Structures are given as structure tokens and as C-alpha cells.
Amino acid sequence: MTIHRKMYRAWGLIPRQAQRAIGLDWSDDAANCVCGATEKVLAFGNGRSYGDVCLNQSGMLIDTEGLDNVLEFNDVEGTILCEAGVRIADILKVVVPQAWILPVLPGTRYITVGGAIANDIHGKNHLSGGTFGCHVEEIILQRSDGELLKCSRRENKKWFEATVGGLGLTGLILAVRLRLKRITSMEMRVSTNTFVGFDEMLSLSDEKRRSVEYLVGWLDMCGGSASSIRGAILCADHGPGRNVSKPYSTPVINVPCASIYPLIRRSTVGFANRVQYMRMKLRKSSQIMDIYRFFFPLDRVVNWNGLYGRRGLAQFQFVVERASILGVMDIILLLLRRYRQVPTMGVLKVFGSIQSPGLISFPREGITVAIDMKVDANTEKCVVAMNQLVAEHGGAVYPAKDRFMTREQFEVFFPGIGDFKNFIDPGFQSDFQKRVMS
Amino acid sequence: MKGANKIMVVGATSAIARSMIRSYASAKHALFLVGRDDSRLSVVARDARARGASEVSTLIMDIEDESAHARVVGTAVEALGGLDMVIVATGVMPIQATSGPDINNLRKTMSVNSVSVMIFVENVIEFIREKSPLTIVVFSSVAGERGRASNYVYGAGKAALDIFLQGLRGRLRGADIKVVTVKPALVHSPMTEECKKNALWVSADEVATDIAKCIDRGDVVIYTPRRWRFIMWVVRALPETLLHRLNI
């Protein structure tokens, strides 16, 4: 195993320089890799986190791309055991033809299982499905002191709870056993309802949330005030067909590198959002979509972050109680206007009361909104101000998307941090951890 | 993949072989996997089984061990109930020092990459003896097309293999045994970890998909990625002084 230098970047297109890394291709090299390292390490999956949770510029990364073996698939009981570098896309290729699916699916299938656990990702069905960590049965964790821990709700329980949502800081996740969900079809029955005004959207989501499994809102925030936010609520359930063998959909466009001239800018965003809103309006109110198109619409454009140009993008994702969301959104729009930020789009989901096992897991009951924006000189000030607003309303900001939160804000968002720090592996670190935990 | 569904892979833990094994497993073919490392081979086998292979068996063998060749082929035929395809993906690529190769390295590279593979292929043909149609796919490399200062020992081994396989195709004209030479170019893998990389490098998955398509099409010499057929045509045409001056 040799140390190499390569551009390992987060989805927000940071950093701009190469990082030192060691390639881990076989799990039998893991102990050597982790225990023999002369500097602090962090596992790197597929770099779909937006901020610095996946970066370790003053240490070394462990590139887990090669840890991509599926070890066991029990298609009778619906469980899968796989190495941490296996991607959601690979799991779906294996399990969907046998009429199984992951119970929680994020917005892109190109993340690793290790990354999914480290960030305790959520999907469009938190109300009924909880987080990814709710469906993890077992984690095999390699620690830098040589210990190989089998963590589950029955064995090494505290380690399990620290590792779910633990941002990769408790050790190297080597393998994971996941519980799957039965499906009968690759089809989704999807209904689309457009709205004008954030309060209309909230009433729509209140009305629909109990009767559908999946709910997501797309927001066009270019209007500048809560009453001018428009967009669409998409509600979906599995079924109705019986076909699970439709071919895997392939990407349509590949953005080869960060565009020198950012194609996403103030002048183009408004137009693009108007077009998207019209497309949503023209959709039949109820239609059939295949699972790839419903769950992963952006995967059709590979490396779409390149459209933001070299400075990249930031995403601000927060959660607050349902009662506070309207007031918070009003102020957020004010802040975006004050700092002249261009909110490309917003995505809204509803979080229910299902508790994640993770000690510092992000999802909690309320409404979560994720706002994409192009990075410029004022983005940091704007995001720090928005973080402060969320902290004052007792909410939280998602570390997987963050670049700018302060230590004080982090401690407010995640009161479990005191307990979690006992489980941080001394051989591991991340840029995010150095920024907010030390 | 059309037709063949009983496949033996020698060097099953190599990166491109693993990608090919995965697609054959998803297509529910029966696999017999051979390699040197027991624990890694069993991980590859577990992966193939989980992805849907109808049958997966493994056996440990070092390609340099000629006495094991016949036994391995015999065991594969018995385990799978026949054999439609043999893929030979073994190989080592020691880093060649700028001052010239280490003589032990040279001897080892030629033995593993060249002589042992030739002997193995002959042993497979001898064992099968035209009992049934067979496709033998052997991994060579574009490195065998010119002697480049940076990698000429590895290149020499592959060049010898290319000529051998070409001659074998001539000898087997009319027989039901097809011999396919695969020439990967710049592929990311543990074997090429230490090489300096650039935009021309591709993943093992892309190359594996390419190879499977070309085998189905009936190609006997496969350059992968395909554009390298043209690139190597140009490289082959370069006068030697220019080849060395360019230091490619």
C-alpha cells in the first residue's frame, strides 16, 4: 500500500489541492492501514458530502473505493452484508431484481454505504422509514488500536450509536449488514401538486404526509419572499406494477469538469426555475415513474456540481419544528437577499418522530429545507447568520452539507456531542471535526 | 454475454477480472475462480455468489506451478460440468528502476507474465482436446507493442505473449478453440497504483464492459478502451529515436 496524492473533493468542489491518501482495496489490509498510519486518517467514500466532513487535509485519507464487495445477500429474509465502499447504486443492482429495496434512499445513488452510515442519511420517507441508521443491523469497525469491533443494538451498543451519524470519526467502517424492504415493482405512483406561497406548500404537505410513503417539495426561491416561493410537492408510493427487472437507467449528460464560466448564475437560475415550475405544472397530477427517476432525478446529469464553476456550491440544510418553519423561512429569505446569494433551489422534507440510534444524528421531528447556492465572497457570512437563526429556534444544521458552522453552533445543534467525544478514535480526524469539535 | 456460461477465471483477484466476474455473476453464469491468495479469493467468490452467479467454486493455484495446471482445469470442468471460457488475468508489474531492471525482477516478470501463461494455455488446450468449443481469453497489454524505457521488461513479457497467442490462433485455425488477446491500456488498479496518472486513465469497470462486448462480437484482438487501437497504430509507426525522445 502506497501513499499517493490525488484530488479528493467534496461535492461543493473543495478543496482545490490534492490530498494524501492510501488506497484500501482489500479488507485484510485494513488493520495495517489504520494501525500503521503515521498520521491521523479518515475514510473517503465517494465524496458526495458537500462540505468538509469527508476531508482531512492535515492528515491522510483512506480511499475505500476498492472495498466494494457484496459479501452476502439473503433474498429470503431481506438482508445484505457488504463492504463499506459498496455504493447504493450497486446494492440496488443486486437487490431490486429480487424484489427488495433499501428502506431509506437518499437523493443520489452514488454514495457509499460507509458514507450513508457516517452521515446517517435520510430520504423522502422519514415519517415512516426513519434514517438509514434505523435499518443497519451490524457494523464492523476497525479501530486504530487494532481492535475489530462488531457493533449492533445488542453488542457494543454504544459504539454502534456513536458510529451511526458519527462522521467517520469512531474508526474505519469495514462492513455493514443492512435490512431491506420488500417491493413488488420498480414503478412508483407519483402525484405532483404545484403551489405558490410557502404557507400553501405547508398546508399541502400537512394534508398529504399521513397518506403517502414518500413526500418531497421542490422550491423555487428566486422570488425573494415566503409568499412568492413556488414549487411542487411530490408524493409517491411503491407499485402498482409487478415488474422488477426493468433495465437500470443510465446517465444522460456528463459534466466533465468544473465549468470555467459558471453556467449556474443569477441570470440563468431564475429562468431555469421558471422552466422547471412550468414542467411541474404540466405534469399529470398522477403518473407512473420508475424508481430511479423518482428517487435520483439529478443522477441523470453526472457531476452536475461542475455547472457551478470552480468556486463550487454550498448547501445549507436545516431542520426546525413545524411551528417555527414559516417564521424561519421568512428570515432566511431576508438573509439571502441581504447577502445577495443566489438560491438555486430548495428541497423540503418532513421529519417524523422515529428516533435514529445515532448519538449526533441530524434528523429530528420537524421540517427540513435544503438550499443550494453558488459560493461567493458573502456566502460564509450568510450561512453563519442562517446557522445562528436555526440555533436560536432550537433546530439543527446538517454536517454533511456544512462548511461554515462554528463550534458554538455545533454544540447547540448536537447536545449529544459530549457523550460522542468519548468514542472518537484518536487515530482519526476530519477537517470538520478540527473546525467544530476540538 | 451470449452463449458461454461456464467460466474459469485465473487470476480472479485482479481488478479487471473482478469487474468481469461481477457482470458474469449478475448474468447468472457459473464461475470457477483461481488465484493465489485464499482469503481474497474467497471474498471475490462471496461477491460473485451474492450478485447472482449460479455456481461459484474456487481453487488456489500459482500460475508458475506447472504441475498444478492440469489438475486445476480438470477440477474446473468437474465443478462446472464443462467449460465454455477460460480467462487468464494473471500478471505482475514490478516498478522498473530508472537505472534498469533488477535481474531477479526480470526473471520473475518473464516467468509469471510470459512463460507460465504460455504453458498454462497449452495445458488447457491439451486437456480440453477439442471435446467442446472453448474460448481462451488472455490478458496482454499495449505495453507489449513497443519497448519503452520506462517499462520494457513488462513490455517484453507481453510482447512475447502476443506473438505466442497470434501463432496459436494460426495453429488452431479450423478448431473449435478460440484464442483472444486482450490489450488493456491505462487502467486504474492496484497493479498500476504507483504509476503517474492522467486523464487517459480509465476504470477497471469500463474496460471490463468493453472486453465482454468485444468477446461477444467475436473479436480476437481487443484493445480497451477502443480508442487505443488507433493510438497504438500511431505509436507503432513512430521511429525509434522519436519514441525514446518522447519518453511516453
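Being a predicted model, the structure only gives us computed values, none of them experimental.
- Of the possible polar contacts, one joining the His69(B) side chain to the Ile63(B) backbone as a donor-acceptor pair under 3.5 Å is found.
- In this structure, chain A has no heavy atom under 4.5 Å from any part of Ser189(B).
- Considering all non-hydrogen atoms of both residues, Asp68(A) and Arg51(B) come closest at O-NH2, 3.3 Å.
- Using a 4.5 Å cut-off between heavy atoms, Asn69(A) touches chain B through backbone and side chain atoms alike.
- The part of Leu81(A) that comes within reach of chain B is its side chain, from C-beta onward, which places non-hydrogen atoms under 4.5 angstrom from that chain.
- The backbone N or O of Lys183(B) sits nowhere less than 3.5 Å from a side-chain atom of Ser141(B) that would complete a donor-acceptor pair.
- Among Val70(A), Asn74(A), Val95(A), Val86(A), the residue with the largest count of heavy-atom pairs under 4.5 Å with chain B is Val70(A).
- Relative ring orientation between His188(B) and Trp201(B) is described as tilted, the plane-to-plane angle lying within the 30° to 60° band.
- Relative orientation of the His29(B) and Tyr24(B) rings is perpendicular, given thresholds of 30° and 60° on the angle between their planes.
- Neither the backbone nor the side chain of Asp75(A) comes within less than 4.5 Å of any heavy atom in chain B.
- Of the two parts of Arg49(B), neither the backbone nor the side chain holds a non-hydrogen atom closer than 4.5 Å to a non-hydrogen atom of chain A.
- With respect to chain B, the highest number of heavy-atom pairs below 4.5 Å among Asp28(A), Asp25(A), Val94(A) belongs to Asp28(A).
- At distances below 3.5 Å, at least one donor-acceptor pair connects side-chain atoms of Arg179(A) with backbone N or O atoms of Cys134(A).
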